[in-house]
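The block underneath contains the structure these notes are about, expressed in structure tokens.
These numbers come from a predicted model, not from an experiment.
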Amino acid sequence: MRNSIAGMGFLVACMACGAAGAAPYPDRPIKMIVAWSAGGGTDIPARVTADHLSRQLKVPVIVENRDGASGMIGTEYVARAAPDGYTIQYTVADTHSVAPHLFPGIRYDALHDFVPVAVVGYGPTVLAVNAKLDLDSFDEFINYAKAHPGKLSFASWGLGSGGHVRMAAITNETGIELLHVPFKGSSPALEAVIAGHVDAMIVPASMARPQAESGKIRMLAIDTQERASIAPEVKTYAEQGYAYNLRFWQGVLAPKGTPQAIVDKLNRALDTALSTPEAQADLARVGIIRLSPGDGSAAAAQAYMEEEYERWGKVIKAANINVQ
């Protein structure tokens, strides 16, 4: 009996030693995957987020670009990564709320291969038109399109892209007919609108602002809840009588199976890091408005992303968008 008790004591002591010897998370650099190229609309806010998260966790958070296939290559990489908290993804609604409804051969399950960590915010977009069009409001745009069905064209940065799907939401609600002209990237699409080759485009406000200031385009509406500091003179859709929610979230996810304790620690670290005045100013500078649904927890982020998955799925189905 004495030997048995002594043996149990030795085992408990060894277990305690093992627990004490385990390094707390994180004890080495964290890799943040961005599924688009460097310098783009997702990469830049990801680097701002990584910088502030790194300061909070006191380990490097390194952004790694794995672009291709509309964000699906990098996203699949994260889905297959070790669920240890050292590979996470900064992404946008395109990969998890839109692509699954458009690409039947997609090689990841947006709802089950990931654990949402936090919603960072969203990048406002504006409806912009060529400056030569005699249109000054969203209402005038809709009325003109109704009077000239199929005559107005709009650019996007690709079939099934955020610009395409957002405009589809508008055409679904208003019944207007527009000609879609897809481009390989938002920059050439905007250049086509500036040149007058295409009439309109839904474009990130951060890209549209300089062109509007120089008189090359007009911004008719912005998809924020209230007027945004990036374009304070532009009325929201709601101000003009249209209750559209065209926002695409940006956020952080981890591979399925990541321990809840790690997910929660990342969630708290992100919330703390991005709530500082400095971080909020940095995000605003790159065109991101903070959004923390519910109580800001990882569970609230998951519920929000699931709702967005369903919402955009309905829009895509109603618009009968086909990328094949």
- Decide, yes or no, whether a salt bridge links Asp113 with Arg80 under the criterion of side-chain N to carboxylate O below 4.0 Å. yes
- Query: What distance separates Glu239 CD from Ile222 CD1, expressed to the nearest 0.5 Å?
  - Reply: 10.5 Å
- Message: One thing to verify: whether Asp51 and Arg47 come together as a salt bridge, which I'm taking to mean a side-chain N less than 4.0 angstrom from a carboxylate O.
- Response: no
- Item | Nearest heavy atoms of Asp94 and Pro100, plus distance in Å | O-CD, 4.5 Å
- Does the salt bridge (Lys or Arg N to Asp or Glu O under 4.0 Å) test come out yes or no for Asp136 and Lys235, once each step is laid out? CA-CA 11 Å; Asp136 292 312; Lys235 291 182 179 181; over 6 Å; no
- Task: Nearest 0.5 Å please: distance from the CG atom of Leu133 over to the CZ atom of Phe141.
- Result: 8.5 Å
- Answer with yes or no whether the side chains of Ser137 and Gln240 bring together a donor and an acceptor at under 3.5 Å. no
- Where is the tightest heavy-atom contact between Pro293 and Val119, given as atom of each residue plus distance? CD-CB, 3.7 Å
- Message: Check the orientation of His180 and Phe154. Use parallel for under 30°, tilted for 30 to 60°, and perpendicular for over 60°.
- Response: parallel
- May I ask you to check whether Ser37 and Asp67 show a side-chain donor-acceptor distance below 3.5 Å? no
- Thinking salt bridges, do Glu233 and Arg209 make one under a 4.0 Å N-O criterion? yes
- Aromatic rings Phe138 and Tyr244: how do their planes relate, parallel, tilted or perpendicular, breaks at 30° and 60°? perpendicular
- Quick one: CD1 on Ile73 to CD1 on Ile33, what's the gap to the nearest 0.5 Å? 12.5 Å
- Message: Looking at every non-hydrogen atom in both residues, tell me the closest pair between Ile88 and Leu53 and how far apart they are.
- Response: CD1-CD2, 4.4 Å
- Is the closest side-chain heavy-atom distance between Ser161 and Val165 below 4.5 Å? no
- Measure the spacing between OG1 of Thr276 and CZ of Arg55 and express it to the nearest 0.5 Å. 7.5 Å
- Message: Check this for me: does any side-chain nitrogen of one of Arg285 and Asp282 sit under 4.0 Å from a carboxylate oxygen of the other?
- Response: yes
- Task: Of all the heavy-atom pairs spanning Ala155 and Phe183, show the shortest one and how long it is.
- Result: CB-CE1, 3.7 Å
- Task: Mind checking the CZ-CD spacing from Arg66 to Gln89? Nearest 0.5 Å is all I need.
- Result: 11.5 Å
- Going from CD1 on Ile262 to CD1 on Ile30, what distance comes out if it is rounded to the nearest 0.5 angstrom? 9.0 Å
- Tyr122 and Phe248: aromatic ring centres closer than 6.0 Å? no
- Item | For the student: nearest non-hydrogen atoms of Arg166 and Leu246, plus distance | NE-O, 2.8 Å
- Message: I need the minimum non-hydrogen distance between Thr272 and Gln56, along with the two atoms involved.
- Response: CG2-OE1, 3.6 Å
- Message: With a 6.0 Å cut-off on the ring centroids, do Phe114 and His96 count as close?
- Response: yes
